[in-house]
Amino acid sequence: MRTKVADCLKKVTPGTIVDVRGWVRTRRESKQGFAFIELNDGSSFANLQIVADKSLPDYEELIKLVQTGASLAVTGELKDSPAQGQKVELHAQTLKVLGQADAAKYPLQKKGHSFEFLREKAHLRPRTNTFGAMARVRNAICDAIHRYFQDRGFLYIHAPIITTSDCEGAGHMFQVTTLDLAKLGQLQGSRISEAGKPFEIDYTKDFFGKKAGLTVSGQLEGEIFACSVGDRYTFGPTFRAENSNTTRHLAEFWMIEPEMPFYELEDNMALAEDFVRSVIKNVLARCPDDLQFFNDRIEPTLLATLENISGHDFIKLTYTEAVEILLKSGQSFEYPVGWGKDLQSEHERFLTEKHFKQPVILTDYPREIKSFYMRANDDGKTVRAMDVLVPGIGEIIGGSQREERHDVLISRMQECGLNPADYWWYLELREYGTVPHSGFGLGLERTVQMITGMQNIRDCIPFPRTPKSADF
RNA sequence: UCCCCGAUAGCUCAACCGGUAGAGCGCCGGACUGUUAAUCCGUAGGUUCUUGGUUCGAAUCCAAGUCGGGGAGCCA
């Protein structure tokens, strides 16, 4: 019966005979006939120290095979360690090398690697301290998110991944088709050269009978269930075919989108804040070793920042107030600040990192720079939008109170150049039993970024998809 | 997509005004040690991203391309 390393370190009482399996991180060998092996099986950040000596059969030959990256099965007695550095250690009685790892070829060294290098080794990087920790923290975050909503009676509703509604215009969609692209390409080439006008594809011949793509957001579908079964959330993959090359964007990322009926913007803000703080507290309690590692090796202010975020109320102010602060700051910005202009990254960063040094929720943005579905304020100039900004990341949550008034929504669509007919079902929600409702979207990977302090979002997901990169 | 920067040993990097390649780490060998990313000594290891150009001579200069990184935009 296999015992996990995490249990050896925390639960099993010394004196017990255990059977552990895992991968060798390092081996410190003495020619006197004994060796120390650091074994990791992913169950915890810490390794289990194995003490192997020449009482093992064929020790000399065996220990040569125990190289960084090799997999082992070891049985022996768990004992209190006489040396500093670990409380317990395993004295091997049997040791079997399950799979060797040629040290001359194995890509991972005992010492650190650049993250750029490790991204090219996505099949091996979870065996490193950083990515093992990342996997455990990401898991804890996901669990905390579900727990938060489940504890409050939210239903977990799956939004479609393939969609034919090009709603919201939020970024370019990846197209989904079963049409023969090679054949279309030939046809397109000949038609353009002969007729001189763009070639039109007949989507009635495509799988869904119309143009389809991967979802960029489940929000509009989310409103359907919010306006029927009540509080609900999605937690699923989202796809953006934007050519974004930054440390904060992925082409495939996971998004959490709660949507609540009878919520006005203030309720929405309160939920978002409580949610973020609750998730952080939960992970702080559950993954102390992993977060300590990130604090020691990745971002020295991490734990202080997380305590600060989870322990203080978020600053709440309107877009108009934010613009005033920026104008009065005396700070010189690359992009000018002015009412009606969207806030740039540098402005958001100034507010959350320099001015307040805390998460900030900005609300009531000018209607011209926000989406059609956000509820119009009575001033005729602003809408009930909110962005949650956190130090180091910037925008982590975007949300709003939705426009529930049928006539206002239609005129807003027209104002935004959209055809109301394309949104017939969305409009019917306002025609039949409409209610005030609100929701927001949280980027999972940006949350992982915030909680681990990792610089690049490509290191916050097991297999990142970015422009020109979708290996593994 | 735009602006910058980069690509040299397995990894991280160096190589001055253009003169034929160097260190640390890792690996391997040895020494030493209840060791902790151990330490000390030694060996091996290179088609300098690709293509073209300039030159007696290119890692180095020029052009194009590919890939990577940072910033911006878009956003989560």
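Chain A is the first sequence line, chain B the second, and so forth, proteins listed ahead of strands; every chain is numbered from 1. None of these values were measured; they are calculated from a predicted model.
Taking 3.5 Å as the limit, the base of C75(B) and the side chain of H249(A) contain a donor-acceptor pair of atoms between them. Put simply, the side chain of H172(A) and the base of C74(B) share no donor and acceptor less than 3.5 Å apart.
No close placement of the F235(A) and F149(A) rings is indicated, their centers lying 6.0 Å or farther apart.
Atom-to-atom, CG of L108(A) to C1' of G10(B) comes out at 11 Å; the value is rounded to the nearest Å. Atom C1' of nucleotide G45(B) and atom CD of Q109(A) are separated by 14 Å, given to the nearest angstrom.
Taking the C1' atoms as reference points, G52(B) lies 29 Å from C13(B), given to the whole Å. With both ends at atom P, the span from U39(B) to U20(B) equals 35 Å, rounded to whole Å. Taking the C1' atom of each, A9(B) and A21(B) are spaced 10 Å apart, rounded to whole Å. One P atom belongs to U51(B), the other to U43(B), and the distance between them is 34 Å to the nearest Å.
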Exercise for review: Go through R21(A) and D41(A) one step at a time and tell me if the salt bridge (Lys or Arg N to Asp or Glu O under 4.0 Å) criterion holds.
Suggested key: CA-CA 7 Å; R21(A) 318 273 169 108; D41(A) 65 0; over 6 Å; no

**Study point:** Worked check of salt bridge (Lys or Arg N to Asp or Glu O under 4.0 Å) between R138(A) and E445(A)
**Key:** CA-CA 8 Å; R138(A) 187 179 160 108; E445(A) 286 72 20; 3.0 Å; yes

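Below 30°, between 30° and 60°, or above 60°: for H158(A) and Y156(A) the angle between ring planes is between 30° and 60°, a tilted geometry.
Using modelled atom types, one finds no donor on one side chain facing an acceptor on the other under 3.5 Å when comparing Y335(A) with E346(A).
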Tabulate below the donor-acceptor pairs under 3.5 Å that side-chain atoms of residues 266-275 of chain A make, not counting sequence neighbours, or state none.
from, atom 1, to, atom 2, distance (Å)
E266(A), OE1, R384(A), NH1, 3.3
E266(A), OE2, R384(A), NH1, 3.1
E266(A), OE2, R384(A), NH2, 3.4
D267(A), OD2, E264(A), N, 2.7
N268(A), ND2, S400(A), O, 3.4
N268(A), ND2, G439(A), O, 3.0
E273(A), OE1, K316(A), NZ, 2.9
E273(A), OE2, R277(A), NH1, 2.9
E273(A), OE2, F314(A), N, 2.8
D274(A), OD2, Y148(A), OH, 2.6

Exercise for review: Mark up nucleotides 2-9 of chain B, 5' to 3', with B wherever a protein heavy atom is under 4.0 angstrom from a base atom, S wherever such an atom reaches only the sugar-phosphate, and - elsewhere.
Suggested key: --------

Revision key, fill the gap. With B for base contact, S for sugar-phosphate-only contact and - for none (protein heavy atoms under 4.0 Å), nucleotides 30-35 of chain B reads --BBBB

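Side-chain atoms of D342(A) lie closest to C75(B) of the nucleotides C75(B), G71(B), G70(B).
Contact check on R28(A) versus E38(A) returns a salt bridge, with a Lys/Arg side-chain nitrogen under 4.0 Å from an Asp/Glu carboxylate oxygen.
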